[in-house]
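Structure record follows, encoded as structure tokens.
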Amino acid sequence: MRIATWNINSVKQRLGHLTAFLSEQAPDVLCLQEIKCVDEAFPVAEVEAAGYNVAVHGQKTFNGVAILSRLPLEDVRRGLPGRDGLDEDGPDQARYLEATISTATGVVRVASIYLPNGNPPDTAKYPYKLRWMDRLSAHARELLALEEPLVLAGDYNVIPEPRDAARPEAWVHDALFLPQTRSAFRSLVDLGLTDALRACSDESGLYTFWDYQAGAWQKNNGIRIDHLLLSPQAADRLETTVIHKAMRALEKPSDHVPVSVDLKL
DNA sequence: ATGCCTGCGGTTCGCAGA
């Protein structure tokens, strides 16, 4: 079973790239982030025509996540437990969607995660990011207790280690790389999750995001912030992890590329 | 030190992203 994640940066702007990816890579499941549209505006017909079921948790203008699956999506959860607002009265942000998929060999649970960016760190956005990470960890702890194959996939907006950035020194004051951010990510992983890419490779220079600005792609000035975290029951079945880097070289690309895992499921 | 680039909303510039 192939499970992929991709921050698509507007599903409307990237529909052609999306259908091409589905056709060429044939993922069984694709988690999308930053669809940037409400549920009713998601191109369901085009995705169904490609052979996929869809669950959407959208929002006007910003954020928005979705899960596409060849097999039916069940037990859909929209949003993390607890409040999702920037403050007490803030509106919910569409950043978390979870569902189960029943296969011939059992159930797999998949989440599409768009973790808050958190910049600038001296504003309320940074504590919001850290609180959101705490809520994600609390929920992950509950899910891990189910002892199922579980894939927490998405744009974590976290650079885990210096080797995950071409220029780590440029990120030391950034919300993606601050010690508290990396510590919170380690705490999540240390619940018993496996970073799928790092289970397959110790190499540096493996990136999933290149900024649109300042020729970052041409200079390979990238960072690795899109991750698939696996429960032990999923990690035991891990075969390969692939970063679909070629997608960044297309016309009008997303600034992120898809990452996929193949699981023996 | 700052903008670089892109998408969105809503009108053409401000905000957000990372």
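Chain letters run A, B, ... following the sequence lines, proteins first, then strands; residues in each count from 1. This one's a predicted model, so the numbers in the text were calculated from it and none came from an experiment.
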Out of dA18(B), dG17(B), dG7(B), minimum distance to the side chain of Lys36(A) belongs to dG7(B)

**Prompt:** Under 4.0 Å between a side-chain N or O of Arg248(A) and OP1 or OP2 of dC5(B)?
**Reply:** no

Check the phosphate of dT6(B) against Arg14(A), side-chain N and O only, distance under 4.0 Å to OP1 or OP2. Yes or no? no

Of the listed dG7(B), dG17(B), dG9(B), the closest approach to the Lys60(A) side chain comes from dG9(B)

Note: for Pro253(A) and Gly118(A) on DNA chain B, the residue whose nearest nucleotide lies more 5' is Pro253(A)

Only one of Asp28(A), Val29(A), Ile3(A) passes side-chain contact (heavy atoms from CB on, under 4.5 Å) with Ile101(A), and that residue is Val29(A)

Checking the side chain of Ser231(A) only, and the main-chain atoms of Leu144(A) only, is there a donor and an acceptor separated by less than 3.5 Å? no

Here the distance between atom P of dG9(B) and atom CG of Asn63(A), to the nearest Å, is 12 Å

When rounded to whole Å, the OH to P distance for the pair Tyr114(A) and dA16(B) reads 12 Å

Do the non-hydrogen side-chain atoms of Leu193(A) and Leu230(A) ever get within less than 4.5 Å of each other? no

Ranking dC8(B), dA18(B), dA16(B) by distance to the side chain of Ser10(A), first place goes to dC8(B)

**OP:** Looking at every strand, decide which applies to Phe177(A) at a 4.0 Å heavy-atom threshold: base, sugar-phosphate, or nothing.
**Re:** nothing

Among the nucleotides dA16(B), dA18(B), dG7(B), whichever has the atom closest to the side chain of Trp171(A) is dA18(B)

Residues at least two apart in sequence or cross-chain that pass ring pair (Phe, Tyr, Trp, His ring centres under 6.0 Å) with His244(A), listed by chain then number, are Phe21(A)

#### Entry: Span that lies between the P atom of dA16(B) and that of dA1(B), in whole angstrom
23 Å

Expected list for residues 152-164 of chain A near DNA chain B, using heavy atoms below 4.0 Å, is Asp155(A), Asn157(A)

Using only atom types and a distance under 3.5 Å, with no angle test, would you say the side chain of Asn53(A) pairs donor to acceptor with the backbone of Arg70(A)? yes

Donor-acceptor pair, distance only, cut-off 3.5 Å: does the side chain of Asp164(A) make one with the backbone of Ile223(A)? no

TODO: Would you kindly check if the NZ (Lys) or CZ (Arg) of Arg224(A) is within the cone defined by 45 degrees around the ring axis of Tyr207(A) and under 6.0 Å from the six-membered ring centre?
DONE: no

| request: Could you check whether the rings of Phe185(A) and His227(A) sit parallel, tilted or perpendicular, using 30° and 60° as the cut-offs? | output: tilted

- dT2(B) versus dT11(B) - spacing of their C1' atoms, nearest Å: 27 Å

Separation of dG17(B) atom C1' from Phe209(A) atom CZ, nearest Å, is 8 Å

Between CZ of Arg95(A) and P of dA16(B) the distance, given in whole Å, is 12 Å

Contact class for Asn7(A) (heavy atom, under 4.0 Å): base, sugar-phosphate, or nothing?
sugar-phosphate

Between CG of Leu176(A) and C1' of dG17(B) the distance, given in whole Å, is 10 Å

Check your understanding: Quick one: does Arg163(A)'s side chain have a donor or acceptor within less than 3.5 Å of a partner on Leu206(A)'s backbone?
Key -> no

Exercise. If we take the C1' atom in both dC15(B) and dG3(B), what is their distance in whole Å?
Worked result: 16 Å

Residues of residues 211-227 of chain A with a heavy atom under 4.0 Å from any atom of DNA chain B, listed by number, are Tyr212(A), Gln213(A), Ala214(A), Ile223(A), Ile225(A)

Less than 4.0 angstrom between a side-chain N/O of Asn9(A) and OP1 or OP2 of dG7(B), yes or no?
no

Separation of dG7(B) atom C1' from Asp255(A) atom CG, nearest Å, is 10 Å

Here the distance between atom C1' of dC15(B) and atom CG of Asn117(A), to the nearest Å, is 13 Å

* Asked: Between Thr208(A) and His256(A), is there a donor-acceptor pair closer than 3.5 Å when you use the side chain of the first and the backbone of the second?
  -> no

Donor-acceptor under 3.5 Å (Ser187(A) side chain, Ser183(A) main chain)
yes

query = Using the C1' atom in both, what is the distance from dT6(B) to dA18(B), to the nearest Å?
reply = 12 Å

Quick note, Gln13(A) side chain, CB onward, closest among dA18(B), dG17(B), dC8(B) is dC8(B)

For His256(A) and dA18(B), is the shortest distance between a side-chain N/O and OP1 or OP2 below 4.0 Å? yes

Asn119(A) atom CG is separated from dC15(B) atom P, nearest whole Å, by 17 Å

